[in-house]
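All chains are named by letter (A, B, ...) in the order of the sequence lines, taking the proteins before the strands, and each is independently numbered beginning at 1. No experiment lies behind these values; they were computed from the predicted model shown.
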Protein chains: 2
Amino acid sequence: MAPATIKDLAKTLNLSPSTVSRALRDHPDISHLTKKRVMSLAKKLDYHPDTIAQSLQTKKTKTIGVIVPEIKQPFFASVINGIEELVYASGYTIIVCQSNEIYDREVLYTRTLVSHRVAGLLVSLSQTTQSLDHFKMLQRRGIPIVFFDRVSNDIEASKVVVDDYKGALAAVDHLIRAGYKRIAHLAGPINLSISKYRLKGYKDALKQNNLPFKPELVVYGGLDETDGVIGFQKLLNLAILPDAVFAVNDPVAIGAFVTIKEHGLKIPGDIALVGFSNTNVSSLLEPPLTTVEQPSYEIGKIAAQLLMDQIQNNDETFVPKFKILKTHLIVRGST
Amino acid sequence: MAPATIKDLAKTLNLSPSTVSRALRDHPDISHLTKKRVMSLAKKLDYHPDTIAQSLQTKKTKTIGVIVPEIKQPFFASVINGIEELVYASGYTIIVCQSNEIYDREVLYTRTLVSHRVAGLLVSLSQTTQSLDHFKMLQRRGIPIVFFDRVSNDIEASKVVVDDYKGALAAVDHLIRAGYKRIAHLAGPINLSISKYRLKGYKDALKQNNLPFKPELVVYGGLDETDGVIGFQKLLNLAILPDAVFAVNDPVAIGAFVTIKEHGLKIPGDIALVGFSNTNVSSLLEPPLTTVEQPSYEIGKIAAQLLMDQIQNNDETFVPKFKILKTHLIVRGST
DNA sequence: CTGAAAGCGCTAACAG
DNA sequence: CTGTTAGCGCTTTCAG
């Protein structure tokens with residue numbers, strides 16, 4: 001029951017393998033008649049090209065590697081959906097790897113993906129990634145990489161992000177207009193651009209509204225739910241509690257959310273809360289979470305599009321693209 | 001900057017490619033000295049075997065295909081984590097595909113995975129899957145398949161499931177003991193085993209407690225949040241409302257949850273609610289959702305283990321294994 | 001213990 | 001328009 005090969009087709013049609021190969025790929029040289037004959041036999045024998053052999057020959061595969069921190073985060077799951085949508089349409093497959101926020105794993109997976117001869121990479125950096133040498137090595141080998149969401153300035157490549165700055169600005173501005181004056185920020189790892197820009201948006205919103213920036217109201221941490229818990233506990237130690245919290249993302253916001261409630265504080269009565277990301281969870285909380293929506297599916301599609309373009313044009317004069325997508329503040333009961 | 005090949009190593013060491021190949025794979029024929037020389041040069045030149053070429057030769061790849069309905073469902077995301085954990089340890093990679101609950105996509109992806117020469121498949125069926133011929137074809141080609149969670153009796157293969165029957169029984173029994181008497185069930189697609197067994201658990205719990213089974217209290221639907229919405233709306237049409245709802249899974253429960261609240265009904269005061277799956281969301285609802293926890297991560301690990309065993313032993317006398325994992329009722333505020 | 005030769009399934013010059 | 005030849009990088013007999 002071994003699958004049919006080009007040789008098999010060639011033999012039963014009295015053609016050479018190369019002719020069959022060309023017919024299959026709709027090469028202009030081949031006569032209409034032979035194409036028909038080849039095609040119909042191929043269908044009959046359920047012939048499918050051996051991608052492995054194809055790849056060995058062409059030095060190219062039709063698989064692209066995706067590295068995300070964690071697929072269980074709805075944001076990334078949705079980005080992956082976007083990527084898949086676009087990429088499968090061109091006959092490509094994706095291999096999804098999770099760094100689990102661990103730098104070493106990220107490095108390991110880039111290795112694995114190289115030895116799988118992926119045509120390109122789509123990457124969102126882990127929280128703990130410091131050096132980007134592992135990616136630069138791939139670029140030197142001619143493997144295109146597009147970064148999304150968690151990007152870095154330390155590498156030249158196409159990037160797709162949302163307007164973190166404006167999103168944060170809008171969120172904090174909204175808090176201020178709603179009357180909150182002592183607004184804390186649960187910030188993310190400062191090596192990630194998203195953390196930087198969201199922090200900057202926070203600061204500038206204060207400034208634009210003539211509110212003082214108080215360093216003690218900014219707590220730095222990670223991007224997970226536990227970081228929200230820890231972060232808010234730190235805020236609890238302040239002499240005067242904040243009246244609102246802007247979290248760097250929804251998981252952190254949820255950590256804070258739980259902790260706030262555990263301490264018997266009311267949302268938004270005692271403390272208002274804003275997140276960033278709009279995972280589907282946020283709307284189910286009681287009260288539902290005000291958050292900055294990111295077009296996650298779109299991010300995936302656009303990043304994939306950029307990558308496919310780069311794969312298909314072996315352009316010498318390639319210039320990295322930088323796409324910034326709009327965010328959208330969703331006001332709900334938590335503010 | 002082309003990556004180093006076995007030939008390169010052979011040339012600079014004055015050895016034949018075959019010797020180098022053997023040395024790399026720690027073949028007993030090769031002298032300790034040459035092994036050392038080969039290994040150290042390999043390290044120096046950053047040599048990595050070309051998996052593509054390897055596969056072409058051995059007719060085997062070290063990638064395994066995973067087909068799930070949707071990765072954005074936390075349950076499947078967690079299963080995938082379990083799979084990954086086990087599989088990467090043996091140097092394998094996974095290709096994750098989403099059927100998006102569409103039968104045709106499932107068929108399409110099995111094709112793709114075959115032409116990628118995957119070593120095996122891990123599958124959770126889509127809601128709309130009727131025939132299993134596409135999987136049987138793979139089995140005929142000698143590709144092992146292990147099904148998990150969403151399985152079917154119509155195919156012989158190893159399967160990993162949770163004890164859906166007992167889980168449902170425990171959930172409904174809990175409702176009855178808590179005093180609820182008119183318990184509705186939002187059931188899933190009846191072609192899936194999980195729906196069947198959960199429905200059976202529901203029925204038997206009623207019987208064991210001498211409560212009548214009322215067909216009008218069972219609403220059949222899909223497994224998504226919208227199905228919970230639609231399902232509960234149907235229940236609203238009843239002359240007498242149920243006092244509790246057992247949903248086939250958490251997404252459906254959440255759909256019902258939202259709808260219940262929209263209609264101004266109190267949980268659990270007016271209507272109690274139980275789900276199945278324990279996505280992390282369920283604990284964040286207000287009130288938090290009582291649900292039947294499934295060891296999702298474990299399911300992934302065990303399914304992967306079964307598959308790896310089957311891949312590694314080309315045993316003629318292979319007998320499919322059937323693993324049933326325990327569930328665990330988590331009682332929270334919704335009941 | 002090592003090497004020479006063949007071939008996995010496919011594509012790509014180069015000839016006709 | 002079609003066939004011949006060679007080779008991608010690796011493993012694997014079969015000979016030494």
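Under the 3.5 Å distance criterion, the side-chain polar atoms of D50(A) are matched with a main-chain donor or acceptor of I52(A). Not one N or O on the side chain of R150(B) forms a donor-acceptor pair closer than 3.5 Å with the backbone of S124(B).
Counting only residues at least two apart or in different chains, salt bridge (charged side-chain N to carboxylate O under 4.0 Å, His left out) contacts with residues 37-47 of chain B comprise R111(A)-D46(B), R141(A)-D46(B).
For the pair H27(A) NE2 and dC10(C) P, the interatomic distance rounds to 18 Å; values are reported in whole Å. Spacing between atom CD1 of I52(A) and atom P of dT11(C) amounts to 13 Å, rounded to whole angstrom units. The nearest whole Å value for the distance from the NZ atom in K11(B) to the P atom in dA4(C) is 13 Å. Note: CG (N14(A)) to P (dT2(D)) measures 13 Å, nearest angstrom. Residue R37(A) contributes atom CZ, which lies 15 Å from atom P of dC1(D) at whole-angstrom precision.
Taking 4.5 Å as the limit, some side-chain heavy atom of L223(A) sits within range of a side-chain heavy atom of P189(A).
T34(A) comes within contact range of the sugar-phosphate backbone alone, with a heavy-atom separation under 4.0 Å but no base atom that close.
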Summarise how protein sits on nucleotides 8-16 of chain D as a single string, 5' to 3': B when a protein heavy atom is under 4.0 Å from the base, S for sugar-phosphate-only contact, - for no contact. BBBBBB---
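When the shell of 6.0 Å around NZ of K323(B) is examined, it contains 12 or fewer heavy atoms from other residues, nucleotides or ligands.
Remark: T128(B) pairs with S126(B) by the side-chain hydrogen bond (donor to acceptor under 3.5 Å, both in side chains) rule, at least two apart or across chains.
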